Amino acid sequence: MKVAVIGGAGLAGRHAVAALEAAGDEVVVLSRATGVDAVTGAGLDEGLAGVEVVIDAANVSSMDRDVASAFFTSVAGNLQTAGARAGVRRIVTLSIYGIDGLEGRGYFAAKLAQEEAARRGDVPSTILRATQFHDFGGQLMQWTRKGPVVGVPIQPVQTVAIETVAAHLVRLAHGDEDGTVNLAGPRPDTLIRQVRRHVRAAGKRYISVPLWLPGRAEKLIRAGALVPRGDAVLDGPDFETWLAAR
Ligand SMILES: NC(=O)c1ccc[n+]([C@@H]2O[C@H](COP(=O)([O-])OP(=O)(O)OC[C@H]3O[C@@H](n4cnc5c(N)ncnc54)[C@H](OP(=O)(O)O)[C@@H]3O)[C@@H](O)[C@H]2O)c1
């Protein structure tokens, strides 16, 4: 089967590409680096020629609600339109578990808008809502560090391995499941503990400081909004096993 991965050179996208290739699929990577801009739609028609399924793993670096919403809704809308023209039979969109009601975090509001745009169109849609990846604490260490101090929002997590996310993207690409599928790692944890484990694994001596963030969304996140409540597929490896294997 021919599958296009939007953002196929990104963190999630490149694992999806590897998993698709391992499953014997023909894969095309569509991103600006390969001459396709999914925001403007430039190159999409050519890129989707002969494609049966699209996996949308594109991402924007901005956390700003308006900037990120404009990005995600343009990409999702263009994929629906160009996908229908190309005869694509399904679009699988990677989103985030537990974001309902968390519009106070601009990026999550944008992901909700993306989901809505992905569902609005003629091409059948599957949304994979995954919890944050095991890598997330390591990314946070790089993004928020000021000198030796890393600020970490107080947050329970149940992170999942990106390889596991990729395997489920492939499963959904091969299937015909409409609607939303939730996926999480096998064990509850806290973000600050994982950041400290990333810091130690990187051989750094950074100090991780818990951050109490204001606002309703942050309150819900502290109360566990991003941790599955019996409504997700739980799949390993757990964080410690994953980290040890790196
Ligand atoms: N990080 C987490 O913990 C987590 C958890 C659950 C879900 N997710 C979701 O997973 C998805 C992928 O995230 P990621 O961290 O893997 O992303 P990433 O590493 O930042 O990669 C993003 C990709 O998007 C491509 N892209 C950006 N602008 C584009 C455009 N205009 N047209 C086409 N491609 C474009 C980039 O390639 P070019 O620059 O070449 O265009 C890049 O390959 C996101 O939707 C995110 O919300 C993340």
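Since the structure is predicted, the reported quantities are computational estimates derived from the model, not experimental observations. Read the numbers this way: they start at 1 and go in the same order the structure lists the ligands and their atoms.
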Q: For the residue pair Trp143 and Phe136, categorise the inter-ring angle as parallel (less than 30°), tilted (30 to 60°) or perpendicular (more than 60°).
A: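 Trp143 and Phe136: perpendicular rings.
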
So is there a nitrogen or oxygen of [X] less than 3.5 Å from a nitrogen or oxygen in ligand 1?
X	result
Ala12	yes
Ser31	yes
Ile6	no
Ala38	yes
Ala130	no
Gln114	no
Ala33	yes
Ala58	yes

Classify the contact between [X] and ligand 1 as side chain, backbone, both or neither, using a heavy-atom distance cut-off of under 4.0 Å.
X	result
Thr40	neither
Tyr107	side chain
Val36	backbone

Distance under 4.0 Å to a non-hydrogen atom of [X]: what atoms of ligand 1 satisfy this?
X	value
Gln132	3 (O), 5 (C)
Ala9	43 (O)
Ser95	6 (C), 7 (C)
Leu11	16 (O), 18 (P), 19 (O)
Thr131	5 (C), 6 (C)

Q: Assess whether side chain to side chain contact (heavy atoms under 4.5 Å, CB included) is satisfied between Val36 and Glu46, documenting all intermediate values.
A: CA-CA 9 Å; Val36 175; Glu46 298 81 353; over 6 Å; no

Q. Which pair of heavy atoms, one from Val209 and one from Ile192, lies closest together, and at what distance?
A.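 Minimum heavy-atom separation between Val209 and Ile192: C-CD1, 3.9 Å.
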
Q.
Show the nearest heavy-atom pair for residues Val88 and Val53, with the distance to one decimal.
A.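 Smallest interatomic distance, heavy atoms only, reads CG1-CA, 4.3 Å.
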
**Q.** Whether over 12 other heavy atoms sit under 6.0 Å from Arg187 CZ
**A.**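 No, not enclosed.
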
Q: May I ask you to check whether over 12 heavy atoms, not counting those of Arg65, lie within 6.0 Å of atom CZ?
A: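 No - once you tally the heavy atoms of other residues, nucleotides and ligands closer than 6.0 Å, there are 12 at most.
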
Q: Pick, from Ser74, Gly137, Gly7, the option with the minimum heavy-atom distance to atom 36 (C) of ligand 1.
A: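 The option holding the nearest heavy atom is Gly7.
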
Could you go through residues 28-35 and list every donor-acceptor pair under 3.5 Å that involves a side-chain atom there, pairing it with any protein atom two or more places apart or in another chain?
unit_1	atom_1	unit_2	atom_2	d
Ser31	OG	Ala33	N	3.3
Thr34	OG1	Val29	O	2.9
Thr34	OG1	Ser31	N	2.9
Thr34	OG1	Ser31	O	3.0

(Q) Assess, by modelled atom type and distance only, whether the side chains of Asp231 and Tyr97 contain a donor and an acceptor separated by less than 3.5 Å. (A)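 Asp231 vs Tyr97: donor-acceptor pair found between side chains.
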
(Q) According to side chain to side chain donor-acceptor pair (under 3.5 Å), does anything in residues 145-154 pair up with another residue at least two apart or in another chain? List the pairs. (A)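 Output for this query lists Arg145-Tyr206.
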
Q: Give a yes or no on whether the ring-centroid distance for Phe239 and His198 is below 6.0 angstrom.
A: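 Yes.
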
